Amino acid sequence: MNLLLTRFKEAKDSTLSKLKLIDNDKILFECYGLEPLNEGIERDKGYRIPEGKYGLIWHHSQRFKLKLPLLHNIDVPIDRDILIHAGNYPKDTIGCILVGDSYKQNNESFSVLNSKKTLYELLNHLPEKISDVILKVENNVL
């Protein structure tokens, strides 16, 4: 089982992507993702993560009061706290990946819709042993 995040559109302050959960070439779940526009590995800057492969662990978020997927690799350490979580607007990302079942664009910005519902659906599809899941992030921006 793997996650594939394909970024496909950028706006003034945000990046839109498609997130797919795939098992044996079958799509089990898909939704939209929202991230900041700028990319980097520095802490506390609110940057989106670079292209590449990421491991996942479960992280109990005090802020969201929920067990959420936390991403990491050799360049983006666990303590950078990059999560997949609910939120609708670029200001909600804090460098993390927001999920929604649809999106809209207005005033040179994106937002994702029905984020909490979409997050719970994604979480229900993820295995308890999330360390077996790899997230691949790729840029395919038009």
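Note: hydrogens, waters and symmetry copies are ignored here, and every other heavy atom, side chains too, is used. Note that the coordinates shown come from a computational prediction; the quantities given were computed from them, not determined experimentally.
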**Student:** For Tyr120, check ring-ring contact (aromatic ring centres under 6.0 Å, His included) against everything at least two apart and list the hits.
**Tutor:** none
**Student:** Measure the CG-CD1 distance between Asn2 and Ile22 for me, rounded to the nearest 0.5 Å.
**Tutor:** 7.5 Å
**Student:** Residues in side-chain hydrogen bond (donor to acceptor under 3.5 Å, both in side chains) with Asp23, at least two apart?
**Tutor:**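 By the side-chain hydrogen bond (donor to acceptor under 3.5 Å, both in side chains) rule, Asp23 matches no residue at all.
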**Student:** For Asn106, does the CG atom have more than 12 heavy-atom neighbours from other residues, nucleotides or ligands under 6.0 Å away?
**Tutor:** yes
**Student:** Apply side-chain hydrogen bond (donor to acceptor under 3.5 Å, both in side chains) to Ser131 and list each qualifying residue two or more places apart in sequence or on a separate chain.
**Tutor:** none
**Student:** Only counting residues at least two apart or in another chain, list the ones meeting side-chain hydrogen bond (donor to acceptor under 3.5 Å, both in side chains) with Thr6.
**Tutor:**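 Once residues adjacent in sequence are excluded, the partners of Thr6 under the side-chain hydrogen bond (donor to acceptor under 3.5 Å, both in side chains) criterion are Glu138.
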**Student:** Run Leu16 and Glu10 through side-chain contact (heavy atoms from CB on, under 4.5 Å) and show every step you take.
**Tutor:** CA-CA 6 Å; Leu16 195 61; Glu10 293 178 341; over 6 Å; no
**Student:** Going only through I, L, V, M, F, W and Y residues with side-chain contacts under 4.5 Å, is there a path from Ile82 to Val133?
**Tutor:** yes
**Student:** Could you grab the distance from atom CG of Leu3 to atom CG of Leu122, nearest 0.5 Å is fine?
**Tutor:**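 So the CG of Leu3 and the CG of Leu122 are separated by 6.5 Å.
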**Student:** Applying a strict under-4.5 Å side-chain criterion to I, L, V, M, F, W and Y, I'd like to know whether Leu4 and Phe8 cluster together.
**Tutor:**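 Unlinked, Leu4 and Phe8 end up in two clusters.
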**Student:** Honestly curious: do Leu66 and Ile130 fall in one hydrophobic cluster under the side-chain, below-4.5 Å linking rule?
**Tutor:** yes
**Student:** Under the side-chain hydrogen bond (donor to acceptor under 3.5 Å, both in side chains) rule, collect the residues that match up with Asn107, sequence neighbours excluded.
**Tutor:**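 None.
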**Student:** Side chains of residues 24-35: which donor-acceptor partners sit under 3.5 Å, not counting sequence neighbours?
**Tutor:**
{"residue": "Glu35", "atom": "OE1", "partner": "Arg7", "partner atom": "NE", "Å": "2.7"}
{"residue": "Glu35", "atom": "OE1", "partner": "Arg7", "partner atom": "NH2", "Å": "3.4"}
{"residue": "Glu35", "atom": "OE2", "partner": "Arg7", "partner atom": "NH2", "Å": "2.8"}

**Student:** Any pair with a residue in residues 47-66 that passes ring pair (Phe, Tyr, Trp, His ring centres under 6.0 Å), sequence neighbours left out, goes on the list, sorted by first then second residue, please.
**Tutor:**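 Passing the test, one end in residues 47-66: Phe64-His85.
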**Student:** Return each pair, listed once, that meets side chain to side chain donor-acceptor pair (under 3.5 Å) where at least one residue sits in residues 86-100; pairs must be two or more places apart or across chains.
**Tutor:** none
**Student:** State, to 0.1 Å, how close Arg48 and Pro36 come at their nearest heavy-atom pair, and which atoms those are.
**Tutor:** CD-O, 3.4 Å
**Student:** State, to 0.1 Å, how close Ile41 and Pro50 come at their nearest heavy-atom pair, and which atoms those are.
**Tutor:**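 Shortest heavy-atom contact: CG2-CG, 3.6 Å.
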**Student:** Kindly list each side-chain donor-acceptor pair under 3.5 angstrom involving residues 67-76, sequence neighbours excluded, with atom names and distances?
**Tutor:**
{"residue": "Lys67", "atom": "NZ", "partner": "Glu128", "partner atom": "OE1", "Å": "3.3"}
{"residue": "Lys67", "atom": "NZ", "partner": "Glu128", "partner atom": "OE2", "Å": "3.0"}
{"residue": "Asn73", "atom": "OD1", "partner": "Asp75", "partner atom": "N", "Å": "2.9"}
{"residue": "Asn73", "atom": "OD1", "partner": "Val76", "partner atom": "N", "Å": "2.8"}
{"residue": "Asn73", "atom": "ND2", "partner": "Lys53", "partner atom": "O", "Å": "3.1"}

**Student:** Hey, could you give me the CG/CD1 distance between Leu56 and Ile134, rounded to the nearest 0.5 Å?
**Tutor:**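 If I round to the nearest 0.5 Å, the distance is 7.0 Å.
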**Student:** Listed by chain and number, what are the salt bridge (Lys or Arg N to Asp or Glu O under 4.0 Å) partners of Asp132, not counting sequence neighbours?
**Tutor:**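 So Asp132 forms a salt bridge (Lys or Arg N to Asp or Glu O under 4.0 Å) with Lys129.
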**Student:** For Lys104 and Phe110, run side-chain contact (heavy atoms from CB on, under 4.5 Å): C-alpha distance rounded to whole Å, both residues' side-chain angles, the deciding distance at 0.1 Å, then the answer.
**Tutor:** CA-CA 6 Å; Lys104 52 182 201 178; Phe110 295 112; over 6 Å; no
**Student:** Check Ser17 against Leu5 and note the closest heavy-atom contact, atom names and distance.
**Tutor:** OG-CD1, 3.3 Å
**Student:** Under the side-chain contact (heavy atoms from CB on, under 4.5 Å) test against Val99, which residue among Val112, Asn114, Leu119 passes?
**Tutor:**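 Only one option passes, and that is Leu119.
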**Student:** Does the pair Ile57 and Ile78 meet the rule for a side-chain contact (heavy atoms from CB on, under 4.5 Å), with working shown?
**Tutor:** CA-CA 9 Å; Ile57 63 167; Ile78 288 174; 4.0 Å; yes
**Student:** For Lys45 and Glu42, indicate whether the former's side chain and the latter's backbone hold a donor-acceptor pair under 3.5 Å.
**Tutor:**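 Such a contact is absent between Lys45 side chain and Glu42 backbone.
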**Student:** Return the CZ to CD1 distance between Arg80 and Ile49, rounded to the nearest 0.5 Å.
**Tutor:**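 Reported to 0.5 Å precision, the distance equals 8.0 Å.
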**Student:** Please name the pair of heavy atoms, one in Met1 and one in His125, separated by the smallest distance, quoted to 0.1 Å.
**Tutor:** SD-O, 3.9 Å
**Student:** Check the hydrophobic clustering (I, L, V, M, F, W, Y; side-chain heavy atoms under 4.5 Å; chains of links allowed) and say if Leu98 and Leu83 are grouped together.
**Tutor:** no
**Student:** Indicate the atoms forming the closest heavy-atom contact of Ser109 with Asp13, along with that distance.
**Tutor:** OG-OD1, 2.9 Å
**Student:** Determine, stepwise, if the pair Leu19 / Leu135 fulfils side-chain contact (heavy atoms from CB on, under 4.5 Å).
**Tutor:** CA-CA 10 Å; Leu19 180 66; Leu135 169 69; 4.0 Å; yes
**Student:** Looking only at non-hydrogen atoms, find the nearest pair between Ser115 and Ala86 and report the distance.
**Tutor:** OG-CA, 3.2 Å
**Student:** Hydrophobic side-chain clustering at under 4.5 Å (ILVMFWY, transitive links): who's grouped with Leu113? Put none if nobody.
**Tutor:** none
**Student:** Should we say atom NZ of Lys18 is surrounded by more than 12 heavy atoms from elsewhere, each under 6.0 Å from it?
**Tutor:**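 Result for NZ/Lys18: enclosed.
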**Student:** I'd like to check the side chain to side chain contact (heavy atoms under 4.5 Å, CB included) partners of Asp79; sequence neighbours left out, ordered by chain and number.
**Tutor:**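 Per chain and number, Asp79 pairs via side chain to side chain contact (heavy atoms under 4.5 Å, CB included) with Arg43, Pro77.
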